[in-house]
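The chains referred to below are lettered A, B, ... by the order of the sequence lines, with proteins before strands, and numbering in each begins at 1. Just so we're clear, the structure is a prediction, and the values are computed from it rather than from any experiment.
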Amino acid sequence: MDRGLISVDRWEKGSQAYFLTHLHADHTKGLSSTWSHAPLYCSSFTADLIPLKFPHFDLSLLHVFHIGTWQTLNLISRSSGAPTSVEFIAIDACHCPGSVMLLFRGEFGFMLYTGDFRWEKGCKRAAKAKEMLLGAIKDDNVDVVYLDNTYCNPIYDFPSRQVAAKQIIDIITSHPEHDVIIGINTLGKEDLLVQISEALKIKIWVWPERMWTMDLLGISDHFTIKTTITRVRAVPQYSFSVETLEELNKIKCPTIGIMPSGLPWVKKSPPKTKCISRAVLTANCKKAEWSEDDGDGDGEEYEPAGDIGPPEKLHKYIFTVPYSDHSNFAEIRDFIKLIRPTNLKGIVSSSSCYIEPMYYLSLLCQGNRPSEVLNSKLKRKASATVSGSNKKPPGSYIAELARRRCLTMKARLSRIRMSKHSILRKVHRGATIQDNERADLKTDSDGNQVP
DNA sequence: GCGATCAGAT
DNA sequence: CACATCTGATCGC
C-alpha cells in the first residue's frame, strides 16, 4: 500500500505519480476534489473535464501528456532509495473521449495497461493507434499486459459500433412519429449521437451539464438543451427505465427508448438467431450485419456453455442495441495476438469476468501453454499471475474445448451459489506498480494489492 | 454539516 | 444479464 512507484486508475496514498486513463466513475474511485497525493498524469481532454467533475481540484497537480510521445519520470526507487526513471507513452484507446492506454518501461519491466479500450477492425482511428503502439514497442517484448477483459469471453460477440449505430438510426427512422430517448452516461457515445444527428439532420437534446462536454469536444452544433425543438433526446442512463417510457407514452406522446449496449450480447448456438433482440425484429428493422468472421483462419467457434442466452423480457417501447465501448472477444484476441505479452492480467473483476483472460488467450502469449492455464484455472481466483515454466504438453484441441466447456459450466454453477453481495457487485479497477517487483503487479480479485 | 464509503436501484 | 451512474444511509471528523 505504501510502497508504490506509480498508480494507474488507483488513488490510494503512496505512489509518486498517478495516471488516469479516462474519466469514468469506476476509474476514479478514491479521486476527489481534495485529493492531493502527487502529480496526476492524464490526456488533455481528461484534464479539461476534471474541473467539471471535481470542482476544487488542485489543477497544479495535473500533468497533461501528449498521445504518442515518450516521456520520462524521475522517481525514487523505494527498495534501493536510489533515483530511478520510468518512461511512458500514451496511445488512443478509442473507448471514450480522452481515453488512453499506457505503456511503461522501468525497473519493473515493460508493461502495457490498456485501460478500457475498443479497437475495431476497419476503424481508422484504431488503426492509427495500433500503428503507434507497435512503433512504441518496436522489437521489444512486453512483459505484462493489464487488459480490459470486460468481454474477454467467446460468448461476447457483438458488431462494430459503426454497424450498431446504423441499427439505431434505422430504428429511429422507422419510427418517424415517435419521440426517442437514448440512454447515455456522463461521458461516451458522443460519436453515436453525432452520427444520428447527421443522418437525421436534427439536433439531439442533452441535459445542460452534458452540453458542457459537447462544447469541449467542439460538437455542440449537433445538440440542444431545448426540448421543444427535437424529438430525439439523450438522457442519463439511470433515468432510463420502463416506467419512464410508460409515463412518457401515457402523458406526453408516443415515445420509444433506445439503450446502446445494455444486454450482454451473447453468441447463441443456432447461428440464425444470434444476437438480435426481439424488439428489433418485431420493429421490422433491417437484419443486422453481424460481426463478420475475420477470416484469419482461426475458425474458433465457441458455443455458449449453457442456455442462458439473452433474456427475452424486452419491453414494447424499448430497443436494446449492442453498441459497446469495450472490445468484443475477437477484438481482444486480435489485440493479444498482436502484442503477445509474456503475462496477461485482467483489470476488471465483475460477475461476467469470473474467467481470467489467460484462460482463453494463453495460447496467444509467449511462454504459456493451455494445460498450465487450465490447471491454474482450477485453483480459481485470479491472484496468481500465470507465468513460469510449463512442462506438460498441450492437450488436443477437441479435448481442450470440452474441458473449457466443462469448466465454464462449473464456474457458472459456483457463481450461482455465491451470494449476490460477494460476486455481483462490481469492484473497481486499477493497478499499482511497485518497484520491488518485476512486471507482475499483483492485485486480488477485489482489485487490492496482494502483499 | 461535510466528505467518504457503501448498498441498492436504474 | 453490463456498464456507469445516481440516491440515500451510515460513519468519521
Stretch residues 210-217 of chain A: residues that reach within less than 4.0 Å of DNA chain C through a heavy atom: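 Contacts with DNA chain C under 4.0 Å: none.
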Interface with DNA chain C, restricted to residues 33-44 of chain A and to heavy atoms under 4.0 Å: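 Hits under 4.0 Å, by residue number: none.
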Can you name the residues that form a side chain to side chain donor-acceptor pair (under 3.5 Å) with [X], not counting sequence neighbours?
X: A:Glu198; value: none
X: A:Gln237; value: none
X: A:Gln162; value: A:Gln195
X: A:Thr227; value: none

Distance flag, aromatic centroids of A:Phe54 and A:Trp35, threshold under 6.0 Å: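 No: the rings miss the under 6.0 Å criterion.
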Pair A:Tyr41 and A:Phe88, ring centroids less than 6.0 Å apart: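 Yes, close enough.
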Report the distance from atom [atom1] of [X] to atom [atom2] of [N], rounded to the nearest whole Å.
X: A:Leu31; N: B:dA4; atom1: CG; atom2: C1'; result: 13 Å
X: A:Asn328; N: C:dC3; atom1: CG; atom2: P; result: 14 Å
X: A:Asn149; N: C:dA2; atom1: CG; atom2: P; result: 13 Å
X: A:Glu209; N: C:dA4; atom1: CD; atom2: P; result: 20 Å
X: A:Lys189; N: C:dA2; atom1: NZ; atom2: P; result: 15 Å
X: A:Phe57; N: B:dG3; atom1: CZ; atom2: P; result: 16 Å
X: A:Asn185; N: B:dT10; atom1: CG; atom2: P; result: 16 Å
X: A:Ile182; N: B:dT10; atom1: CD1; atom2: P; result: 22 Å

OP1 or OP2 of [N] versus the side-chain N and O atoms of [X]: is any pair under 4.0 Å?
X: A:Lys29; N: B:dC6; value: yes
X: A:His27; N: C:dC3; value: no
X: A:His56; N: B:dG3; value: no
X: A:Ser32; N: B:dA4; value: yes

Residue list, salt bridge (Lys or Arg N to Asp or Glu O under 4.0 Å) with A:Lys250, at least two apart or on another chain: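 Checked A:Lys250 against salt bridge (Lys or Arg N to Asp or Glu O under 4.0 Å); zero matches.
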Within residues 237-256 of chain A, residues whose heavy atoms come under 4.0 Å of DNA chain B: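 DNA chain B contact set from residues 237-256 of chain A: A:Tyr238, A:Phe240, A:Ser241.
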Residue A:Met259, side-chain heavy atoms: nucleotide from C:dC3, C:dA2, B:dC6 that is nearest: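 Given the options C:dC3, C:dA2, B:dC6, the side chain of A:Met259 is closest to C:dA2.
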Side chain of A:Ala25 - closest among C:dT5, C:dA2, C:dC3: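 The answer is C:dT5, which lies nearest to the side chain.
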What residues form a ring pair (Phe, Tyr, Trp, His ring centres under 6.0 Å) with [X], not counting sequence neighbours?
X: A:His178; answer: A:His175
X: A:Tyr317; answer: A:His315
X: A:His66; answer: none

Parallel, tilted or perpendicular: rings of A:Trp119 and A:Phe117 (30°, 60°):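 Judged by the thresholds at 30° and 60°, the geometry between A:Phe117 and A:Trp119 is perpendicular.
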Only distances under 3.5 Å count here; give the side-chain donor-acceptor pairs of residues 44-51 of chain A to other protein atoms, sequence neighbours excluded, each with its distance to 0.1 Å.
| from | atom 1 | to | atom 2 | distance (Å) |
| --- | --- | --- | --- | --- |
| A:Thr46 | OG1 | A:Ser43 | OG | 3.0 |
| A:Thr46 | OG1 | A:Gly98 | O | 3.3 |

